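Notes follow once the structure below has been shown.
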2 protein chains.
Amino acid sequence: MAKELTARRRAILAYLIEHIQELGYPPTIAELGAHFGIASTNGVNDHLVALEKRGYIERSSKARGIRITEKAAVNLYRNHASTVPLVGRVAAGAPILADQNITDHIPVSADIAKRNAYALRVRGDSMIEAGIFDGDLLIVDQERTPRKRDIVVALVEEEEATVKYYFPGSDSVELRPANSSLTPMRYRLDQVQIQGVAISLQRQIK
Amino acid sequence: MAKELTARRRAILAYLIEHIQELGYPPTIAELGAHFGIASTNGVNDHLVALEKRGYIERSSKARGIRITEKAAVNLYRNHASTVPLVGRVAAGAPILADQNITDHIPVSADIAKRNAYALRVRGDSMIEAGIFDGDLLIVDQERTPRKRDIVVALVEEEEATVKYYFPGSDSVELRPANSSLTPMRYRLDQVQIQGVAISLQRQIK
DNA sequence: TTTTATACTGAAAACTATTTCAGTAAGCTG
DNA sequence: CAGCTTACTGAAATAGTTTTCAGTATAAAA
């Protein structure tokens, strides 16, 4: 998936959203054409078909029957979004935020949303003494550089991700659980990939 | 201004909003008619004219050219809010959600927002073994009836609120902390006021 | 180099939606 | 009780929209 949308189609999607926000209803095909200087409704329709095929809009064959999907809203308005994507599994290889990895969107405060963050469901009890329980949602900042004692999401030797305290050494990294029945582990720098620093937590109680 | 809108018109406005929320675009006059069993488009149009005259909608004479105004949107946002109020202190006397008590608004998922919930900053370590730490935000459902072992916000004898496990007895209530260095307390029913059941938790890490 | 995707033109058919015209009937208001 | 509002019916004119058909041109991928 090199480039999901052409510049033209991104522009059309953006105008679609703007129009809905401003007027309260979507534009017609002809109105889109007028705005973009496309004389034939068919020219516009091609773009709409393309946008629909890629899941950015949904159409019903009625007047102004265009709906913006969540995918589009999140993609275009990442900087203004008030949600972060919930990733299903953090594993080696594919980029974390690949579309097929994203299972939901989690509402967060604006300052979190504008960082490059994602959410992750915690599995296991390794951080229980830090108040992080099995099933909790961890909000993770991808861009922040981890510092000593930060809670990080780490990929160890291409395995699936774990959440641990981060203790850097001169030539190695110690990943320390917050659970006295588990032991800290030490790794060479090339064995560990830090996928982000935990900045927030959400829990559904019961 | 006794009654701005008739029941019929309120229903039509509500459906208008619902339709836009669901489908992404307003219904046509004929669709409104079909939904409300009005055979003639003119019958529906009368209502739309009335709604427009009173400032609830704006119309452009194009297909689905209906916009919900802010006046009506107050309605819309009540049902689809995505925040709950953060209350400064929960104390006896004034209602929890009195305006002067509200210090902020916290983003939550839609299903939480539509319950009658509020957020509260936890003070102290009394629930630390339940993974609830000093400074965490607790999202509290006001309407849910507490059951045994629920985490509740309780007002004891007109003091300020505490967060505890709820264990009802036949003629008394036990409020049990999740901290083995603290002791459970037992109160008469008239000494305790339950202000809600914890349904979610949010934490800013560091 | 053939195929595929992008990005359109132009026109007409088919359909959808609003507006207008002409009424009816019940209930409330002064 | 006349006048106004609410709440409609029914039909036709008019306007707005989508869909279909038949192409063109360019660039990128197989």
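Everything quoted here is computed from the prediction, not taken from an experiment. Below, chains carry the letters A, B, ... as their sequence lines are ordered, and counting in each starts from 1.
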Separation of [N] [atom2] from [X] [atom1] (nearest whole Å):
| X | N | atom1 | atom2 | answer |
| --- | --- | --- | --- | --- |
| A/Leu51 | C/dA7 | CG | C1' | 13 Å |
| A/Asp46 | D/dT24 | CG | P | 16 Å |
| A/Lys53 | C/dT4 | NZ | P | 12 Å |
| B/Arg8 | C/dA26 | CZ | P | 17 Å |

Does A/Arg144 form a salt bridge (charged side-chain N to carboxylate O under 4.0 Å, His left out) with A/Asp150? I'd like the steps, not just the answer.
CA-CA 10 Å; A/Arg144 196 167 117 184; A/Asp150 275 353; 3.5 Å; yes
Are A/Asp171 and A/Arg188 close enough for a salt bridge, meaning some N to O gap below 4.0 Å?
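Judged by the 4.0 Å cut-off on N to carboxylate O distance, A/Asp171 and A/Arg188 do not form a salt bridge.
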Does a side-chain N-to-carboxylate-O contact under 4.0 Å join A/Glu174 and A/Lys164?
no
Nearest-0.5 Å distance that lies between atom CZ in A/Arg176 and atom CZ in A/Arg186
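Going from CZ on A/Arg176 over to CZ on A/Arg186, the span is 8.5 Å.
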Enter the distance from B/Leu138:CG to B/Ser200:OG here, rounded to the nearest 0.5 Å.
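Answer rounded to 0.5 Å: 8.0 Å.
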Should B/Arg9 be listed as having a side-chain N or O under 4.0 Å from OP1 or OP2 of D/dT6?
yes
Using a cut-off of 4.0 Å between protein heavy atoms and nucleotide atoms, how would you tag nucleotides 14-21 of chain D 5' to 3' with B, S and -?
--SSBBBB
Counting side-chain heavy atoms from C-beta on, which of C/dC8, D/dC8, D/dT6 comes nearest to B/His47?
D/dC8
Using the ring-ring contact (aromatic ring centres under 6.0 Å, His included) criterion, which residues pair with A/Phe36? Sequence neighbours excluded.
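A/Tyr15.
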